[in-house]
Amino acid sequence: MKTVSLKIDDSIFGETEKILARIKKPRNRYINEAIEHYNKVQRKQILEEKLKKESEVVKNDSMSVLKDFEGIDYGD
């Protein structure tokens, strides 16, 4: 396990301490869970951005292929 020193805004620290007293959870565990949750949110956003970019590329390619097919005379 790594040791990290961090500075927390007074208001956030105060609110956190009130919550910790109520839920009776160690501060270290609470912060670890918060970071883990935030990492999941960030990974989801990164994946979403990647999928949007890839979808746009596929969309452009699909439109190009569709135009090619529209130009084919099937000899009805």
Side-chain angles (χ1 to χ4, degrees):
M1 193 169 283
K2 299 289 182 188
T3 301
V4 176
S5 174
L6 63 125
K7 294 182 181 184
I8 300 175
D9 292 340
D10 291 339
S11 61
I12 294 171
F13 183 79
E15 182 180 13
T16 302
E17 290 299 301
K18 288 177 188 175
I19 292 169
L20 291 173
R22 184 163 186 139
I23 65 174
K24 302 200 183 332
K25 183 177 283 199
R27 183 185 309 124
N28 189 57
R29 172 68 5 229
Y30 185 79
I31 292 171
N32 271 287
E33 289 173 3
I35 292 172
E36 180 181 24
H37 174 75
Y38 192 69
N39 285 344
K40 286 179 185 178
V41 169
Q42 290 302 309
R43 281 193 306 269
K44 183 179 176 185
Q45 286 182 342
I46 290 167
L47 179 60
E48 185 178 314
E49 289 172 14
K50 182 178 178 183
L51 289 173
K52 282 181 183 178
K53 288 178 184 176
E54 291 175 359
S55 177
E56 191 63 33
V57 169
V58 170
K59 174 185 157 192
N60 292 337
D61 286 346
S62 294
M63 293 304 291
S64 175
V65 170
L66 180 61
K67 286 180 182 179
D68 289 344
F69 277 112
E70 287 175 345
I72 296 174
D73 183 9
Y74 291 101
D76 289 331

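What you see below is based on every heavy atom in this structure, not just the backbone, and it leaves out hydrogens, waters and symmetry mates.
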Roughly how far, to the nearest 0.5 Å, is [atom2] of [Y] from [atom1] of [X]?
X     : Y     : atom1 : atom2 : result
Lys59 : Glu54 : NZ    : CD    : 15.5 Å
Glu15 : Leu20 : CD    : CG    : 10.5 Å
Arg22 : Ile19 : CZ    : CD1   : 10.0 Å
Leu6  : Phe13 : CG    : CZ    : 10.0 Å
Ile23 : Tyr30 : CD1   : OH    : 6.0 Å

(request) Not counting sequence neighbours, which residues clear side-chain hydrogen bond (donor to acceptor under 3.5 Å, both in side chains) with Glu33? List them please. (result)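 Result, side-chain hydrogen bond (donor to acceptor under 3.5 Å, both in side chains) vs Glu33: Lys25.
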(message) Is there a path of hydrophobic side-chain contacts, each under 4.5 Å between heavy atoms, that joins Tyr38 and Ile31?
(response)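 Looking at the clustering, Ile31 is in a separate group from Tyr38.
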(request) Check whether more than 12 heavy atoms from other residues, nucleotides or ligands sit under 6.0 Å from atom CG of Asp68, and answer yes or no. (result)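 Count over threshold, so yes.
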(request) Applying side chain to side chain contact (heavy atoms under 4.5 Å, CB included), name anything that partners Phe69, two or more places apart in sequence or on another chain. (result)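 So Phe69 forms a side chain to side chain contact (heavy atoms under 4.5 Å, CB included) with Val65, Ile72, Tyr74.
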(request) Give every residue pair that meets the salt bridge (charged side-chain N to carboxylate O under 4.0 Å, His left out) criterion with at least one member in residues 35-52, sequence neighbours excluded. (result)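 Those involving residues 35-52 are Glu48-Lys52.
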